[in-house]
Amino acid sequence: MAKFTNFIAAILAFSVVTACTSAEVEAPPVTEGAWTVDSENSKLSYVSVKAGDVAEANVFESVKGTVAADGTAQIDIDLASVNTGVDIRNERMREVFFNVAENPIATVSAKLDPANFEKLSVGESVGYALDATLTLKGLEAPVRTDVTVTRIADDRILVVSDAPAIISAESLDLTGGLAQLQELAGLPSITPVVPVSFSIAFSR
């Protein structure tokens with residue numbers, strides 16, 4: 001009986017030591033390894049305005065991408081995944097506005113400074129001024145906005161726009177498609193500038 005009691009005590013002591021050792025192990029730095037977009041938990045949306053004052057929320061349902069350890073980031077937006085809440089409007093956005101048969105993907109690229117995130121602990125957030133480039137139809141448009149980067153777990157990061165990024169149809173040669181949409185829908189106007197908001201989750 002004494003031997004069995006000692007055996008149990010030894011197991012308990014080992015468990016306590018192991019737990020304490022595990023608790024003391026720090027999570028690897030954010031800059032260690034590459035990060036991949038968690039598409040299911042990411043959201044990219046914009047607001048379109050028609051007829052002067054009718055605002056409508058729209059979303060892209062498929063967003064993929066990576067951030068390398070050196071801060072090189074690329075996000076690919078599947079333009080065919082646009083969802084405006086109306087089937088015929090989705091069809092027109094894909095075929096007329098974006099012309100996804102020839103331009104299936106819009107890409108956002110950026111070079112981040114890893115030093116800004118090196119010491120980010122789980123539960124901590126840091127503000128970051130994001131300068132990126134949006135590429136569509138072979139044309140590039142600058143994207144500037146402030147974001148909040150939060151480390152929500154050892155291997156999970158959430159990047160949320162603090163304010164919408166403003167994207168102009170003219171900068172990406174989309175005004176022709178916009179005019180066609182306006183004519184098909186019989187609208188007096190469609191605002192050629194849209195605010196874009198996002199919440200992008202990354203996992204390592």
Side-chain angles (χ1 to χ4, degrees), residues 37-67 73-110 112 127-150 157-202:
V37 171
D38 177 358
S39 299
E40 292 186 0
N41 293 296
S42 298
K43 184 177 181 180
L44 176 65
S45 60
Y46 67 95
V47 175
S48 58
V49 178
K50 64 185 183 183
D53 59 0
V54 180
E56 296 168 328
N58 310 270
V59 64
F60 290 99
E61 297 182 330
S62 179
V63 181
K64 300 178 180 179
T66 59
V67 179
Q74 178 172 313
I75 307 295
D76 292 331
I77 306 165
D78 180 0
L79 298 177
S81 73
V82 65
N83 189 345
T84 68
V86 179
D87 288 342
I88 185 61
R89 194 161 60 208
N90 291 342
E91 184 178 320
R92 290 171 177 172
M93 288 293 294
R94 294 166 185 151
E95 297 180 4
V96 177
F97 187 66
F98 290 124
N99 186 14
V100 296
E102 297 182 11
N103 308 289
I105 301 294
T107 300
V108 178
S109 56
L112 311 177
Y128 190 77
L130 178 65
D131 284 308
T133 300
L134 172 62
T135 303
L136 175 61
K137 298 174 63 174
L139 299 176
E140 297 182 347
V143 177
R144 294 184 176 89
T145 189
D146 292 330
V147 300
T148 295
V149 180
T150 303
I157 292 286
L158 184 65
V159 181
V160 179
S161 54
D162 293 340
I166 305 301
I167 306 298
S168 167
E170 183 177 2
S171 66
L172 295 166
D173 192 26
L174 294 170
T175 53
L178 195 66
Q180 291 183 60
L181 286 182
Q182 183 177 325
E183 182 179 355
L184 288 169
L187 294 170
S189 67
I190 300 178
T191 302
V193 177
V194 297
V196 178
S197 300
F198 53 87
S199 174
I200 308 293
F202 293 89

Residue pair [X] / [Y], side-chain heavy-atom distance below 4.5 Å:
X	Y	value
V108	V143	no
D76	D78	no
Y46	V82	yes
K137	N99	no
M93	F98	yes
V37	F202	yes
N41	L158	no
P195	I166	yes

For this session: Can you spot which of L112, V159, D162 makes a side chain to side chain contact (heavy atoms under 4.5 Å, CB included) with L130?
Result: L112
Looking only at non-hydrogen atoms, find the nearest pair between [X] and [Y] and report the distance.
X	Y	answer
F198	V147	CZ-CG1, 3.7 Å
L178	A169	CD2-CB, 4.5 Å
S171	A141	OG-CB, 3.6 Å
S199	V160	OG-CG2, 3.8 Å
L79	R94	O-CG, 4.3 Å
T145	A163	OG1-O, 2.8 Å

Using 0.5 Å steps for rounding, measure from the [atom1] atom of [X] to the [atom2] atom of [Y].
X	Y	atom1	atom2	answer
I77	L134	CD1	CG	6.0 Å
F97	I190	CZ	CD1	8.5 Å
N90	E95	CG	CD	11.0 Å
R144	D131	CZ	CG	5.0 Å
S81	L44	OG	CG	8.5 Å
S48	E56	OG	CD	5.0 Å

Exercise. When you look at L136 and L174, which way does the side-chain contact (heavy atoms from CB on, under 4.5 Å) test go after all the steps?
Worked result: CA-CA 10 Å; L136 175 61; L174 294 170; 3.9 Å; yes
Problem set entry | Side chains of T84 and N58, donor plus acceptor under 3.5 Å | no
Exercise. Can you check whether S62's main-chain N or O pairs, donor with acceptor, with S39's side chain at less than 3.5 Å?
Worked result: no
Problem set entry | Whether Q74 side chain and A110 backbone form a donor-acceptor pair below 3.5 Å | no
Exercise. Is atom CD of E170 surrounded by more than 12 heavy atoms (other residues, nucleotides or ligands) closer than 6.0 Å?
Worked result: no
